[in-house]
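What follows is one structure encoded as structure tokens, with my remarks underneath.
All figures in this text were calculated on a predicted structure; none of them were measured in a lab. By convention in this document, chain letters (A, B, ...) are assigned in the order of the sequence lines, proteins followed by strands, and residues within each chain are numbered from 1.
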2 protein chains.
Amino acid sequence: MKKTNSKTPTTRIQRQKRLVILEAALEVFSKHGFRGSTLDQIASEAGISKPNILYYYASKQEMHKELIERMMDKWLAPLEEMNAKGDPIAEISAYIKRKLEMARDYPRQSRLFNNEILQGAPHIIDLLEGELKILVDEKAKVIANWMKKGRLTKTDPYHLIFSIWATTQHYADFDVQVCAVLGEKSAINHRFKVAQKHLDLLFVRALEVE
Amino acid sequence: MKKTNSKTPTTRIQRQKRLVILEAALEVFSKHGFRGSTLDQIASEAGISKPNILYYYASKQEMHKELIERMMDKWLAPLEEMNAKGDPIAEISAYIKRKLEMARDYPRQSRLFNNEILQGAPHIIDLLEGELKILVDEKAKVIANWMKKGRLTKTDPYHLIFSIWATTQHYADFDVQVCAVLGEKSAINHRFKVAQKHLDLLFVRALEVE
DNA sequence: ATAATTTTTGACCATTTGGAAAAATATTAA
DNA sequence: TTAATATTTTTCCAAATGGTCAAAAATTAT
């Protein structure tokens with residue numbers, strides 16, 4: 001026998017297998033949340049047997065934990081990139097673009113996050129109150145500074161950030177609804193192009209100082 | 001014995017009991033989604049035994065169905081009120097206010113909806129593609145008309161509506177995150193007052209034609 | 001009070017669930 | 001090839017779950 005779990009899989013084959021499983025787990029967890037997902041579903045999605053999954057991951061929890069961790073890293077990155085030295089409007093515009101691209105390219109991660117929050121963020125509450133809060137505090141200060149200097153219209157920086165999160169993630173989390181309302185006519189690429197243009201207009205026009 | 005279910009409970013006591021159960025079910029379903037919720041949880045939340053719940057509701061499904069139906073009615077109302085004859089900016093501003101008040105006053109219903117959408121809207125997809133789409137088509141046309149007349153800045157009316165949905169519901173669905181980031185300092189009343197002001201500024205400034 | 005009826009619950013059941021054990025099947029090393 | 005090792009699956013289990021049923025308790029009607 002070999003180690004049944006562990007943070008760093010030895011061989012590349014093992015790492016790949018773990019990825020296949022994670023992929024399946026993401027598919028299931030993002031739809032049904034932790035409690036609503038079953039190992040059988042994940043196994044079926046991954047095309048292998050249930051005990052085989054437990055050979056690579058010690059438990060359902062462990063899979064979920066790894067998914068959440070990977071997702072949080074991705075999730076925080078776009079905001080970190082926001083640069084205090086840059087042009088305020090351009091920086092915010094670029095941030096929105098990055099966030100929207102994330103919603104387009106990683107919708108399941110977004111839904112996984114959404115699910116976690118809906119359940120009261122049991123696994124990441126510390127992260128939210130710690131790392132995330134610190135990051136947002138910092139960027140809110142940057143934005144507040146831009147506003148003070150008259151380079152941005154004044155509004156609450158925190159709620160501005162919330163608005164950006166909300167509008168961009170909406171296209172991942174509420175995809176079914178967006179598609180239902182827009183009807184078949186809207187291909188994903190076109191949809192996101194229009195969304196991008198709309199959000200840019202919305203935030204830029206609101207924040208621009210004439 | 002008596003009827004175990006039925007759309008219209010006979011006595012007032014029965015109607016009240018069903019309400020108590022629905023209330024508990026809402027609490028649980030909104031957090032864990034349909035699959036992740038158990039009758040035991042709901043029973044415990046309601047303070048009665050599991051079989052007693054099934055005396056009033058024939059099944060878990062039936063409870064969920066009634067909750068979803070009640071919620072959808074509430075959910076559609078604010079948009080219906082948007083009036084083509086009114087002043088565009090005032091109408092949109094009022095719509096945002098109504099939606100935000102719903103997020104404040106009925107956060108669990110919002111989360112129930114969020115959960116349903118995350119799971120692919122299995123129970124309401126018809127409603128979304130039917131009733132909701134028709135309503136949004138109609139209101140999008142109204143907004144498009146305002147824009148054509150130069151009374152609102154031009155942008156995609158559908159995505160504008162999505163942005164309003166996203167930003168307002170965010171305060172219900174992502175409450176945990178909002179609170180974590182804002183810290184303890186922010187009481188709910190104050191939080192929503194600031195949110196209201198921010199969203200009003202965001203949308204009004206973006207849409208106003210100078 | 002007593003009977004009839006409604007409400008509530010404890011005991012139970014079949015199925016599903018997360019997970020363990022061990023046998024069976026690859027794969028690699030010698 | 002053969003032994004050692006790594007992987008996969010079949011079988012199983014105890015707990016949890018949605019739901020049933022009949023008996024108990026409470027309520028209402030007479």
Side-chain angles (χ1 to χ4, degrees), chain A residues 1-29 31-68 119 122-123, chain B residues 1-6 8-29 31-68 115 119 122-123:
Chain A
M1 74 247 50
K2 225 215 48 191
K3 79 330 188 23
T4 29
N5 61 335
S6 130
K7 294 295 166 184
T8 43
T10 322
T11 77
R12 184 147 50 83
I13 298 171
Q14 282 166 12
R15 229 171 302 140
Q16 286 180 334
K17 207 71 192 264
R18 279 174 71 107
L19 267 190
V20 169
I21 293 172
L22 264 197
E23 174 70 15
L26 175 58
E27 190 71 30
V28 177
F29 281 137
K31 245 191 188 156
H32 303 289
F34 183 75
R35 291 225 39 204
S37 301
T38 73
L39 288 180
D40 284 308
Q41 285 176 87
I42 297 171
S44 153
E45 183 75 35
I48 59 181
S49 69
K50 181 168 63 172
N52 201 5
I53 281 183
L54 292 167
Y55 175 72
Y56 288 100
Y57 285 92
S59 69
K60 192 182 165 186
Q61 275 287 347
E62 197 180 284
M63 268 185 292
H64 191 255
K65 197 180 155 202
E66 184 161 338
L67 277 175
I68 289 272
Q119 272 150 55
H123 306 100
Chain B
M1 76 255 38
K2 227 213 49 192
K3 73 350 189 6
T4 29
N5 59 338
S6 129
T8 42
T10 323
T11 77
R12 185 149 50 83
I13 298 171
Q14 281 167 13
R15 228 172 302 140
Q16 285 180 334
K17 206 68 192 263
R18 280 175 70 108
L19 267 191
V20 168
I21 293 172
L22 265 197
E23 175 70 14
L26 175 59
E27 191 69 31
V28 177
F29 281 137
K31 245 191 187 155
H32 302 287
F34 183 75
R35 291 225 37 204
S37 302
T38 73
L39 287 179
D40 284 308
Q41 284 175 89
I42 297 172
S44 153
E45 182 76 35
I48 58 180
S49 69
K50 182 167 64 171
N52 201 6
I53 280 182
L54 293 166
Y55 176 73
Y56 289 100
Y57 285 93
S59 68
K60 192 182 166 187
Q61 276 287 347
E62 198 179 282
M63 267 185 292
H64 191 254
K65 196 179 156 204
E66 185 162 336
L67 276 176
I68 289 273
N115 249 312
Q119 271 150 57
H123 307 100

Quick one: is C/dT8 close enough that its OP1 or OP2 comes under 4.0 Å of any side-chain N or O from B/Lys17?
yes

With sequence neighbours excluded, what pairs up with A/His64 under the side chain to side chain donor-acceptor pair (under 3.5 Å) test?
none

B/Lys17 vs B/Tyr55 side-chain heavy atoms within contact, under 4.5 Å
no

Which residues pass the side chain to side chain donor-acceptor pair (under 3.5 Å) test with A/Glu27, sequence neighbours left out?
A/Arg108

DNA chain D-proximal residues of residues 32-41 of chain B, any heavy atom under 4.0 Å
B/Ser37, B/Thr38, B/Leu39

Check whether any side-chain N or O of A/Tyr57 sits under 4.0 Å from OP1 or OP2 of C/dG19, and answer yes or no.
no

Atom pairs and distances, donor-acceptor, side-chain atoms in residues 31-38 of chain A, under 3.5 Å, two or more places apart:
residue	atom	partner	partner atom	Å
A/Arg35	NH1	B/Gly36	O	3.3
A/Ser37	OG	A/Val28	O	3.4
A/Ser37	OG	A/Gly33	O	2.6
A/Thr38	OG1	A/Gln41	N	3.0
A/Thr38	OG1	A/Gln41	NE2	3.2

So A/Gln16 and A/Val20, do their side chains get closer than 4.5 Å, heavy atoms only?
no

Tell me the interatomic distance from A/Ile21, atom CD1, to D/dT9, atom P, rounded to whole angstroms.
11 Å

Applying side chain to side chain contact (heavy atoms under 4.5 Å, CB included), name anything that partners A/Ser49, two or more places apart in sequence or on another chain.
A/Pro51, A/Asn52

Once you round it to whole Å, what is the distance between C1' of D/dT9 and OH of A/Tyr56?
13 Å

List in chain and number order the residues that pass side chain to side chain contact (heavy atoms under 4.5 Å, CB included) with B/Ser59, two or more places apart in sequence or in another chain; answer none if no residue qualifies.
B/Gln61, B/Glu62

Show every salt bridge (Lys or Arg N to Asp or Glu O under 4.0 Å) that has at least one partner inside residues 42-56 of chain B, sequence neighbours left out.
B/Asp40-B/Lys50

Hey, is the side chain of B/Tyr55 poking within less than 4.0 Å of OP1 or OP2 on C/dT8, counting only N and O atoms?
no

A/Ile48 atom CD1 is separated from C/dA26 atom C1', nearest whole Å, by 15 Å

Has B/Gln14 got a side-chain N or O lying under 4.0 Å from the OP1 or OP2 atom of C/dT7?
yes

Less than 4.5 Å apart, any side-chain heavy atom of B/Phe29 and any of B/Ile68?
no

Less than 4.0 angstrom between a side-chain N/O of B/Asn52 and OP1 or OP2 of C/dT7, yes or no?
no

If you restrict it to nitrogen or oxygen atoms, what contacts under 3.5 Å exist between nucleotides 20-28 of chain D and the protein, and what is each distance?
none

